[in-house]
K.L.:
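Below are the structure tokens for one structure; questions will follow.
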Amino acid sequence: MQVPTSAPQDLAELESRAQAIAGFSLGELAALASIAIPADFKRHKGWTGQLIETWLGATAGSKPQQDFPELGVELKTLPINQYGQPLETTYVCYAPLKLPPLSSWETSNVKNKLQCVLWVPVEGERQIPVAERRIATPFLWQPSPAQEAMLKQDWEELTELIALGQVESVTARHGEVMQLRPKAASGQVLTDALDAQGNRIQTRPRGFYLRKQFTGFILESHFAR
DNA sequence: CGTTGATCATGC
DNA sequence: GCATGATCAACG
């Protein structure tokens, strides 16, 4: 097995590459790709995602686009426990805080990002050394009408609060399947937003995250089929 | 003990 | 500063 040197040409090739790494440990994949393995993720939080990107032939580096633009596919690795349940929430994208919110769900970043996702579940329990964690079964997913309705509802609720200048009062408890949380290099990072009177204020950048229960439901639905 | 809020690395 | 990849760890 070798690291691909080009992007997958179609969905079939992407799926085939994804299936090929199923069952391998992160250590094996790193060794085959000549990539150093971190002892832990304290300072390497994005390492697994980048390793998977390498093996699937995603364009290196971070781009403000989908991982496979030609295929319209977004790649998400998902740490799971021994029962196949997600251990962490899933980051979707930044939330615009300076809204002339003529924005709609249909044109939102969230909907665009989640139109088609290649989920790659990976063993993530801390007791398992990083190198020994294995890739589970990757699969392509598109939101069902019901799932999209849930996402849309949360997006509209959260976006409305932002539009009303209530950003500061939104907590991660809002939203049934998707939440809004700080997303920055530190708590010192600030960005512009608006208060209820429309005055410019400074606040921590926020991102949209999928709750574990929701991604767990996606996994369950897929493997129950 | 699960979740929220904070944090780490990197590129442009 | 924003966007990518996420996990860490304090707290309720």
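Here is how names work: the chains are called A, B, and so on, in the same order as the sequence lines, proteins then strands, and each is numbered from 1.
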K.L.:
Return no unless some side-chain N or O of A:Lys212 is found under 4.0 Å from OP1 or OP2 of B:dT3.
P.N.:
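So the side-chain polar atoms of A:Lys212 do come within 4.0 Å of the phosphate oxygens OP1 or OP2 of B:dT3, strictly under.
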K.L.:
Nearest nucleotide by nearest heavy atom, which residue falls closer to the 5' end of DNA chain B, A:Ala185 or A:His174?
P.N.:
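Its nearest nucleotide being more 5', the pick is A:His174.
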K.L.:
Counting the atoms with a prime plus P, OP1 and OP2 as sugar-phosphate, which does A:Glu74 contact under 4.0 Å by heavy atoms, base, sugar-phosphate, or nothing?
P.N.:
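Sugar-phosphate contact only - A:Glu74 comes under 4.0 Å of backbone atoms but never of a base.
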K.L.:
More than 12 foreign heavy atoms under 6.0 Å from CD of A:Gln19: is that the case here?
P.N.:
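Yes, enclosed.
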K.L.:
What's the CD-P distance between A:Glu168 and B:dG5, to the nearest Å?
P.N.:
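Value for this atom pair: 12 Å.
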K.L.:
Between A:Arg204 and B:dG5, does any side-chain N or O lie under 4.0 Å from OP1 or OP2?
P.N.:
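For B:dG5, OP1/OP2 do not have a side-chain N/O of A:Arg204 under 4.0 Å.
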K.L.:
How long is the line joining CD of A:Gln66 and P of C:dA3, in whole Å?
P.N.:
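For the pair A:Gln66 CD and C:dA3 P, the rounded distance is 15 Å.
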K.L.:
When the distance from CG of A:Leu26 to P of C:dG5 is rounded to whole Å, what number comes out?
P.N.:
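Answer to the nearest Å: 17 Å.
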K.L.:
Contact list please: residues 214-223 of chain A against DNA chain C, heavy atoms, distance less than 4.0 Å, in numerical order.
P.N.:
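When residues 214-223 of chain A is checked for heavy atoms under 4.0 Å from DNA chain C, there are no hits whatsoever.
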K.L.:
Taking the minimum atom-to-atom distance to the side chain of A:Arg173, which one of B:dT4, B:dA6, C:dC2 wins?
P.N.:
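Looking only at side-chain atoms, A:Arg173 lies closest to B:dT4.
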K.L.:
Do A:Arg211 and A:Gln213 meet the criterion of a side-chain donor-acceptor pair at a distance under 3.5 Å?
P.N.:
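Short answer, no.
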K.L.:
Decide if atom CZ of A:Arg134 counts as having more than 12 heavy atoms of other residues, nucleotides or ligands within a radius under 6.0 Å.
P.N.:
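Open: at most 12 neighbouring heavy atoms sit under 6.0 Å from CZ of A:Arg134.
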K.L.:
Under 3.5 Å, side-chain donor or acceptor atoms of residues 35-49 of chain A against the rest of the protein: list the pairs with distances, not counting sequence neighbours.
P.N.:
from	atom 1	to	atom 2	distance (Å)
A:Asp40	OD1	A:Lys42	N	2.9
A:Trp47	NE1	A:Ala36	O	3.1

K.L.:
Verify, without hydrogens or angle tests, whether A:Thr159 (side chain) and A:Glu156 (backbone) share a donor-acceptor contact under 3.5 angstrom.
P.N.:
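Flag not set: sc A:Thr159 to bb A:Glu156 has no pair under 3.5 Å.
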K.L.:
Can you check the A:Asn109 CG to C:dT4 C1' distance for me, whole Å?
P.N.:
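Result: 13 Å.
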K.L.:
Without decimals, in angstroms, what is the distance between A:Ile35 CD1 and C:dG5 P?
P.N.:
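One finds 16 Å between P of C:dG5 and CD1 of A:Ile35, rounded.
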K.L.:
Would you indicate whether A:Glu168, at its atom CD, is surrounded by more than 12 heavy atoms from other residues, nucleotides or ligands within a distance under 6.0 Å?
P.N.:
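Yes, CD of A:Glu168 has more than 12 neighbouring heavy atoms, counting only those of other groups under 6.0 Å.
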K.L.:
Start with the C-alpha distance between A:Leu180 and A:Ile162, add both sets of side-chain angles, then the distance that settles side chain to side chain contact (heavy atoms under 4.5 Å, CB included), and finish with yes or no.
P.N.:
CA-CA 10 Å; A:Leu180 196 68; A:Ile162 293 170; 4.0 Å; yes
K.L.:
Under 4.0 Å between any heavy atoms, over every strand shown, what does A:Leu87 touch: base, sugar-phosphate, or nothing? Just pick one.
P.N.:
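A:Leu87: no heavy atom of the nucleic acid under 4.0 Å.
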K.L.:
Please indicate whether A:Gln202 has more than 12 foreign heavy atoms, meaning atoms of other residues, nucleotides or ligands, lying under 6.0 Å from its CD.
P.N.:
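Atom CD in A:Gln202 is packed in, count exceeds 12.
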K.L.:
Let me have a per-nucleotide readout for nucleotides 6-11 of chain C, 5' to 3', with B, S or -, counting only protein heavy atoms under 4.0 Å.
P.N.:
BBBB--
K.L.:
Would you mind reading off the distance between A:Leu56 atom CG and C:dT4 atom P, rounded to a whole angstrom?
P.N.:
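In whole Å, C:dT4 P and A:Leu56 CG are 18 Å from each other.
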K.L.:
Rounding to a whole Å, what distance do you find between A:Gln85:CD and B:dC1:C1'?
P.N.:
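Nearest whole value for this atom pair: 14 Å.
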K.L.:
Only one of A:Gln147, A:Glu74, A:His222, A:Gln115 forms a side-chain hydrogen bond (donor to acceptor under 3.5 Å, both in side chains) with A:Trp141, so which one is it?
P.N.:
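Only one option passes, and that is A:Gln147.
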K.L.:
Ignoring backbone atoms, test whether A:Ser186 places a side-chain nitrogen or oxygen under 4.0 Å from the OP1 or OP2 oxygen of B:dC8.
P.N.:
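For A:Ser186, the contact criterion (side-chain N or O under 4.0 Å from OP1 or OP2 of B:dC8) is not met.
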